[in-house]
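Notes for the one structure printed next.
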Amino acid sequence: MPSTGPLALFAILAVLVFSLTNKDLADTLSPQGCRMSYMSPSYVLQDSFNTSWSTLAQRYSLWLYREVGWDAQDPNGLPVLFIPGNAGSSHQVRSIASSASRQYYSSPGQVSSEFLSTGVTALDFYAVEFNEDLSAFHGTTLQSQIEYTTKAVDFILSRYPPQTSLVILGHSMGGIVGTALLPSERVSAILTMSTPHDLPPARFDSRIDDIYAKIRHTLVNDTTPILSLCGGSTDTMIPSESCVQPLQGDGIYRKTIFTSALEGAWTGVGHREMVWCHQVRWRVARALLEMSPQKSMAARKAVLGTWFRDGHEPPPGILGQPNDSSSFELSDRSSYDIIPSGLQLVRKPTGSRVYLLPIPSTTGGSPIKLGVLVGRGTIASIPPQSQHPLNVNIYVCSSSEAGNDFPHCEYLEPSTLKLVPQPISGEPFPRPRVDTDPSSGGVDESDGVVLYETEIMPSRGQWVGVKVQNGKGEGWVVAGFNHKEAITNLIPTTSLLFRNIHTEVEAKGSLRLDVWFPRLLSNALIVYRLTPQFSSTENCAESHLAPLLIHTSNSVESHYYPLTTSGDRHILLHTHIPAPYHSRLIGEAQGLHLIIISSGISSCISQLQGLEISIDWPASLGRWASRYLITTISWTAGISAMLLFLGLGMYDRGAPMPSIAQSTQYYGRILLRFMLPASLLASFLPWPTGFYLGLGGSGLFAPLAPLILLIASGLVIVSWWNLVVLIWMLRPLRRVFVVRKHEGLGVGRSTIASMCIILMMVFLFVPWQVAYLGCWVYQLLTCAGSEPSVATPRPAFVEAYPLLASSGQEDTTGDVSRPGVDERVRTRALNQQDNYRLNCHILLFMTCLVPLAAPVLAVWVRTLITAGLTTPFDGDHFFIGVAPFLVLVDFASWTSAPIFVRRSFEDHISTRWALASVAVVSFLVGGTRPHMIFEAGKISVGILVGVRIGRRYWGGTPWTAS
Ligand SMILES: *[C@@H]1O[C@H](CO)[C@@H](O)[C@H](O)[C@H]1NC(C)=O
Ligand SMILES: *[C@@H]1O[C@H](CO)[C@@H](O)[C@H](O)[C@H]1NC(C)=O
Ligand SMILES: *[C@@H]1O[C@H](CO)[C@@H](O)[C@H](O)[C@H]1NC(C)=O
């Protein structure tokens, strides 16, 4: 079993490995190809939105964006409100606002012909400025932002005709502020970007949980359309699984779009880049323009459905309908060609023509799959924004009943109609941005190939009619029936642990090939490495669609990868759902489902021979790191509480208080031996979402529990080493701060007075977290100031150390070293040593709690700088919470009597079990509710102080044991 040294080294090493693997993860998993956006910004302060509207107006401000040279000086359209996120700025509105102006006006003052007589008006972009407040860490700050924004909506709408409503645009935590405004008839739709909808990113404040719970409750019945745009693994600030909207009620528009699948973007987008990435911002601006004047919910949903599509659903309404007649008769023999079945390619079509493909008969009349690809053109109205004239519509045709020879054609509805990217062979995909070239990076608005798929019963007709119109001698059309069976490989995940597997693939002559690994686990914690294998490594020439791999892992997430013959060919397959701590409501897909699309006739696809698949360990480890960081921090707090619990248990039995070295050694040697297997077994239990590892009993990841336990244990030891160094450095200063020890006199008047002042300050304006940090420093000084060791003989440590008590019942019969008796026997020096060691345990425990309080501290300091002391910090002034710590560290600093004296009733249930509950809380809910550990810590210290120090603090007589 690992002892303390190796354990600590292991933890340091693990932290190093995990941070290294996590560092470049965004670039390797999902590179970004975004164009830069340019604008001429100006911001007009809305100073009539002052304190007569909201008292928060002193702290925050409201701005109106105006594109210089394009927008009129005054508001002249419909309002949109932008809400920035954690540490965000109102200026982040500029890319989207600028794009809206430049799309609406074709030149300054000239409305674009597209929008003339459509009812679309210009947009007035307002943005709230929160002075880069850290809203993700602090519920009260978030609540202030919500209150201010509510008033801002009232103010903005007061300047527009009655019945006007506005669209909310929220970035990151701003999206939470936006959804918290609901229910409201003043908000017509909400568009969020990189917003953590499902789980707050920092979970150190219970009030953030409350806000989330309230939003969740509201959204059950609220019908306001909400669209969530997520950047995928490129977003390193929030794990994108939190960005997925949890609820999708009937008929309520709650869509989540990953930019990796967003048509016309097909790139991962980083957290901050989301607001300026050109491929995203112009769509957002366009959707806002078209959505704002819409009065009905259905029309607003249709606009969102038009501009934000990821191909997971059939196109909405008009987009999927032929933009031509829905049926026609081919009465002129010269207007159509009957072409043989199989894949057919029309290159550079000119004019208009109908191509009839005979529908092959199938065994038993089962449906047959049809696929059509169109390059540089549209099918029906997909894509909605295209500069290509070529238009294709698909029909099913049969000889008309009238008996004449003229085929009669009916519109054939698609099952899939979407735009897929067309990577340039030999280039990375998406194309990275080159700093010197403003128009580089990712795809262009007119890029992409339209993919049409449907299943057709052979009985429906004789031919499929592909109606090509408006050919101007460019573009191409490929159509054909797909006879290929899906390739299924039943390899289980466990066999991938040790080796790679190879699947043969033959996709020539087919538009689409499905490859399915039904037994491979699909989870955010696992990344697969897939390498296509080609017969030749030459760069193959490709004029149409080169082989493209589509990985659809669930109902909201798809990724596209080119299968290239040259260069670095491996692909990292990853997903965000299911993920730890997230509910699995949304289409949990089993297995790994891959689709290879190509124009089927190129040389590239005929060279494809197989796929090799393995687990990519570095990327997987990197993903574990970001998902279990909070859990690990929480577990260290639990382990430090256990050390204090163990030490007290030993002390209660009359043995001397063990030193930290002894406690950790005992923990590492004996206790871990039980805890490691127990933690492993516990992972198999069907925990509810949010508990323990958040995996609900998935066996494959069970080893994560002992791993995290080992790392957390090591980190506690490392923390102690750091404290030893700190104590050692502070020791020379001890003359300055050391408090004279005394016994039984009780606390001095001056101390009572200063404590009252501290509690008053906490009550009035300092958050308790500051007082807690003060307590921690005080305890550190106490440890540095006291004498660590004495030369008194004492009982051997190991023999006296009892086996871990398995219940609160302790054997008291004949135990001569019970505290009450002991106290009289023990020398003062032994007391001093016990106190020192107990103080060290308390210090370590308090240290491991510091990370849970630190975020709010940071917010407070930050708010102090930007808004001054006047800012209310409601809810953090509950001074009773910190009072036990104050009493404890103060008492510990001056008493020479034992700090803790066990009471007689503790024979039945010892109060130290309160500490065990801290450990239990941290292990069970540390991953999602770390703030509960602090609550449990406060309560348990409160109990210990109340019972074991109690009135001795005021100089009351010590209790004698029964
Ligand atoms: C707020 O602004 C309005 C309009 O500009 C003004 O009439 C009012 O006096 C202002 N209130 C305060 C408290 O400054
Ligand atoms: C939502 O509506 C249903 C049916 O109308 C009702 O039973 C339920 O209580 C509502 N829930 C909330 C949170 O308002
Ligand atoms: C259909 O769309 C194409 C290309 O967008 C266009 O050229 C054509 O005129 C449209 N046809 C009709 C009937 O609107």
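Just so you know, ligand 1 is whichever comes first in the structure, and atom 1 is the first atom listed for that ligand.
Side-chain atoms of Glu290 and Trp307 form a donor-acceptor pair, as typed in the model, at a separation below 3.5 Å.
Less than 4.0 angstrom separates atom 5 (O) of ligand 1 from at least one non-hydrogen atom of the protein. Atom 2 (O) of ligand 1 is flagged as protein-proximal [any protein heavy atom, distance under 4.0 Å].
In terms of protein heavy atoms, atom 13 (C) of ligand 1 is closest to Thr51 OG1, 3.5 Å. The nearest heavy-atom contact from the protein to atom 14 (O) of ligand 1 is Asn50 ND2, 3.3 Å.
Residues Asp74 and Arg66 are not paired through a salt bridge, judged by the lack of any N-O separation under 4.0 Å between the basic side chain and the carboxylate.
Here the side chains of Arg59 and Ser144 are in contact, with some heavy-atom distance below 4.5 Å.
Separation of the Phe82 and Phe125 ring centroids does not fall under the 6.0 Å cut-off.
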